[in-house]
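A, B, ... follow the sequence lines: proteins, then strands. Residue 1 opens every chain.
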Amino acid sequence: MNETLDPRYDPEGIEAPLYRRWEAAGLFHVPAGDVKRPYVISIPPPNVTGVLHMGHALNHTIQDVLIRWRRMQGCDAVWVPGMDHAGIATQNVVERELAKEGLTRWDLGRERFVERVWAWVEEYGDQILDQQRAIGDSCDWERTRFTLDEGLSRAVREVFVRLYEKGLIYRGSYIINWCPRCQTALSNEEVEHKEVAGKLYQIRYPLAEAGEEGVVVTTTRPETMLGDTGVAVHPEDARYHALVGAELILPLVGRRLPIVADEYVDPEFGSGAVKVTPAHDPNDFEIGERHGLLRVNVMSADASMSDEVPEAYRGLDRFEARERVLEDLETAGFLVGTEPHTHAVGHCYRCDTAVEPWLSEQWFVRMKPLAERGLAAHREGRLRFHPEHFGKKYDHWMENIRDWCISRQLWWGHRIPVWYCEACDAQVVAREDPTECPECGGGLEQDPDVLDTWFSSALWPFSTVGWPEETEDLRALYPTHALVTGPGIIFFWVARMVMMGLEFMGELPFRDVVINGTVRDHLGRRMAKSLGNGIDPLEVVERFGADAMRYTLVNATAMGTNIQLNYQDLESAFAVGRNFGNKIWNAARFALPYLSEEDVAESPLDRALELEDRWILSRFHGVVLEINEALEAFRLHDAASAVYRFGWGEFCDWYLELVKTRLRGDRGEEGRAAATTTLAHALDGWMRLLHPIMPFISETIALRLPGRGEAYTIVSGPWPEPPEEWSDAAAERDMSSLQEIVGHVRNLRAEYGVDPGREVRVMVRGATPELRSALEGAGEGVARLARAAFQEVDGQPPSGPGAHAVLRSGAELFLPLADLVDVERERARLSKELARLEKILASSKARLESRKFLERAPADVVEREREKERSVEERRRRLVEKRRALEGTG
RNA sequence: GGGGCGGUAGCUCAGCUGGCUAGAGCGCUGCGUUCACAUCGCAGAAGUCGGGGGUUCGAAUCCCUCCCGCCCCA
């Protein structure tokens with residue numbers, strides 16, 4: 001199929017149909033039985049409520065590049081897609097919908113509410129999968145999973161039961177982070193700390209013994225004083241030695257508070273005395289434990305004041321209560337001081353409400369034993385982060401790991417598989433729902449809570465492929481290879497997958513963790529719905545094509561750094577990718593009509609290759625190595641810029657330009673055939689190298705090479721492996737001399753404003769034999785690119801006014817420009833160039849004159865320095881000569 | 001308070017384990033459109049590599065320190 005390409009590059013017209021064809025042909029699916037050389041990536045499952053944003057686009061493009069590259073290399077590449085039920089997030093979305101109808105989840109009741117969420121999921125849940133198709137994700141859709149589907153739910157339950165049986169899951173009353181709006185516990189990771197301008201209040205607690213002044217304590221949350229059950233001081237704080245063991249009276253409440261000595265207290269901070277509220281602060285909880293203090297829970301689930309406080313405050317919202325408490329303390333004379341103070345306040349990561357440290361009964365996972373192996377895996381180099389420094393964050397977190405609160409007071413999620421007997425106090429933890437108490441035969445009631453969403457996410461790499469069943473998929477697809485994700489969920493997700501993988505599979509779930517950058521706007525702000533600064537990937541796809549977006553993203557991000565895109569000017573934000581696509585299209589449009597089936601089938605080495613042919617094949621050989629190396633090291637941006645430089649800077653700018661006339665047969669049939677065969681291979685190779693990053697345009701062009709039909713594809717490879725013979729150092733050296741000549745002539749022409757249409761005469765003196773033969777070989781093309789007629793001269797230097805340049809090899813160029821050259825101007829130009837050379841020469845000479853340099857620097861470095869000095873010195877000498885010659889003509 | 005990241009051209013960033021005359025894209029300036037591409041071509045201007053100190057024959061790169069941004073955890 002050798003039809004011509006549309007004159008206009010229209011990504012919208014080619015992308016969607018192509019994707020449908022790929023999917024229909026099953027190119028992204030590998031049956032488990034066929035997996036011989038697996039390369040597996042488990043997608044970070046997007047929230048089922050989600051729509052694709054730029055962060056996904058970046059994250060997915062990186063994964064797709066890796067998957068497509070390995071697939072082309074002949075691996076059985078499987079990218080397992082899916083979605084996360086996203087407990088709190090999804091429940092919130094549906095609750096908001098209900099609110100529009102004036103309803104709450106309580107009005108519906110648990111069962112009907114959960115049905116309602118499922119209905120929502122069924123209606124909107126698949127949206128994001130189609131968006132993934134639009135950006136080209138080559139997922140194995142037949143393996144799509146949802147964290148709440150049957151198989152994954154079984155995995156969740158199995159894990160819970162096993163951990164429980166191993167004593168790694170326990171239930172207890174501890175301080176957890178409570179979101180009063182979502183009315184659920186949160187893990188430490190689900191709390192975002194924000195600096196808030198608050199106040200520091202000093203409150204005097206009088207001693208129980210009458211007549212004494214008492215002790216001043218400091219707090220940012222005065223309402224919690226209602227739950228104080230003690231005051232702590234540092235054991236070595238001389239100011240309070242006498243008071244330890246004495247009792248204070250809690251103002252407004254009247255409770256007697258013991259003064260205890262505890263190392264935790266910082267004697268430098270405030271008065272050195274700390275109020276202790278065991279039910280509302282994790283540190284106070286521990287102090288309370290150590291000293292046997294009471295726990296008084298002064299708040300209800302909605303953060304209003306509970307019945308444990310004096311009547312006047314009951315039912316007040318926590319912030320109202322704060323004001324009332326302050327007023328009352330003031331009136332009673334207990335408030336001694338107030339000062340401004342900024343401190344970090346935890347907020348719910350889903351609804352942004354200030355969380356309350358709250359004492360409640362929750363389920364926890366004991367993390368230390370799990371973390372040890374995860375930590376060892378990284379330290380021993382079996383688990384690697386890219387970029388490496390993210391490993392430090394991982395280590396730090398793992399070393400300081402705390403138990404994980406996994407119960408959530410939500411309705412949407414995996415119900416905790418624990419039942420309580422209504423008759424005796426038995427507690428049943430089971431894989432299958434029990435019907436009666438095994439102890440006494442009494443009725444059972446299941447724990448009302450569900451598990452943290454991240455509990456099921458932690459199992460993702462093996463739960464998606466069948467675990468706990470010993471499936472073929474599980475054997476073929478675990479462990480996965482790379483995990484690609486954002487920096488924000490290393491703790492939420494990555495670390496937990498590592499721990500669970502090691503625990504249940506006995507093997508890491510992946511060896512390489514690739515952390516992608518954060519997409520920000522042009523002002524450096526994170527893209528967020530609330531800021532309205534986001535970019536819709538689908539709009540970008542529609543306007544510039546998925547390929548343009550993918551290229552722009554891959555090119556712009558060194559792993560783990562930020563990527564800035566201007567949402568107000570998509571045109572320029574995606575210009576790199578869009579322009580590149582256009583260039584590729586046009587290059588192919590130009591080249592294809594010259595090619596025949598034979599060109600595609602034959603080896604270029606069997607043709608009578610000319611310099612530029614050998615050069616482009618050699619460059620291709622080089623760029624393949626460069627790209628392989630970059631991709632292996634997850635430096636996708638290096639691969640992107642390499643394929644760009646090769647395609648645009650070498651193939652288009654030089655090769656196509658040089659062979660234009662040969663393609664039309666100006667140098668005979670042999671010359672034409674060598675050019676077309678080389679061209680076919682270079683173009684095909686370029687498209688293959690491009691394919692992982694820009695799959696649509698590369699495939700479109702590749703299948704239009706003669707002899708290939710609609711059924712042809714490069715999706716399955718092969719990935720280029722150019723023969724060693726294509727590498728040709730001599731060709732590269734000679735071409736680079738020619739490029740240098742063209743550069744000089746173009747520069748001089750521009751300097752002197754030579755009419756672009758006018759051909760100039762260029763005299764070359766002192767050419768090396770290599771240069772001479774190169775000029776003979778490719779002279780015609782070079783002459784065309786420089787719009788110059790070359791003429792070799794030797795012996796005496798050319799006379800008359802003109803412009804000069806000296807090449808690195810020492811050869812000289814002279815352009816006689818009698819009517820154009822302004823002697824003063826040429827002299828100034830030469831002087832400027834001379835000054836530049838002098839500077840380089842000076843530093844080079846200084847180095848070479850230093851004995852230490854000669855003694856200590858490696859020989860090759862010294863040799864290179866000598867070579868540089870020689871070359872610069874030679875050019876300087878020639879230019880000085882030229883300048884002197886000008887004196888005569890001025 | 002603890003941990004981490006970054007400061008290279010007007011902008012966004014490359015530059016790996018120290019060694020070619022520090023690069024790219026965008027932007028800017030000049031010239032150019034019968035000839036694949038103006039979403040283009042050619043040429044050009046532009047950098048005390050945050051400041052200071054040190055190690056070294058040699059530092060954008062390694063060490064120390066200071067300044068300025070940012071992130072995570074308490």
Would you tabulate the nitrogen or oxygen pairs shorter than 3.5 Å linking the protein to nucleotides 47-49 of chain B?
none

Whole-Å gap separating P (B/C26) and OH (A/Tyr551): 10 Å
Polar contact flag, side-chain donor to acceptor under 3.5 angstrom, A/Tyr264-A/Asn283: yes
Sugar-phosphate, base or nothing in reach of A/Arg402, heavy atoms under 4.0 Å: sugar-phosphate
Where protein sits on nucleotides 37-45 of chain B, one letter per nucleotide: B base, S sugar-phosphate only, - none, heavy atoms under 4.0 Å: B-BSSSSSS
Parallel, tilted or perpendicular, as decided by the 30° and 60° cut-offs, for the rings of A/Trp686 and A/Phe580: tilted
Base partner of B/U34, which must satisfy Watson-Crick or wobble distances under 3.5 Å: none
Proximity to the side chain of A/His396 - top-ranked nucleotide from B/C5, B/G2, B/A36: B/G2
B/C5 OP1/OP2 closer than 4.0 Å to side-chain N/O of A/Lys392: yes
Who pairs with B/C70 - Watson-Crick or G-U, where each distance is under 3.5 Å: B/G4
Minimum-distance nucleotide (side-chain atoms of A/His637 versus B/C73, B/A14, B/G32): B/A14
Between the protein and nucleotides 16-20 of chain B, list the N/O to N/O atom pairs that are separated by less than 3.5 angstrom.
from, atom 1, to, atom 2, distance (Å)
B/G19, O2', A/Arg864, NH1, 3.1

Proximity of A/Phe491 and A/Tyr394 rings by center, below 6.0 Å: no
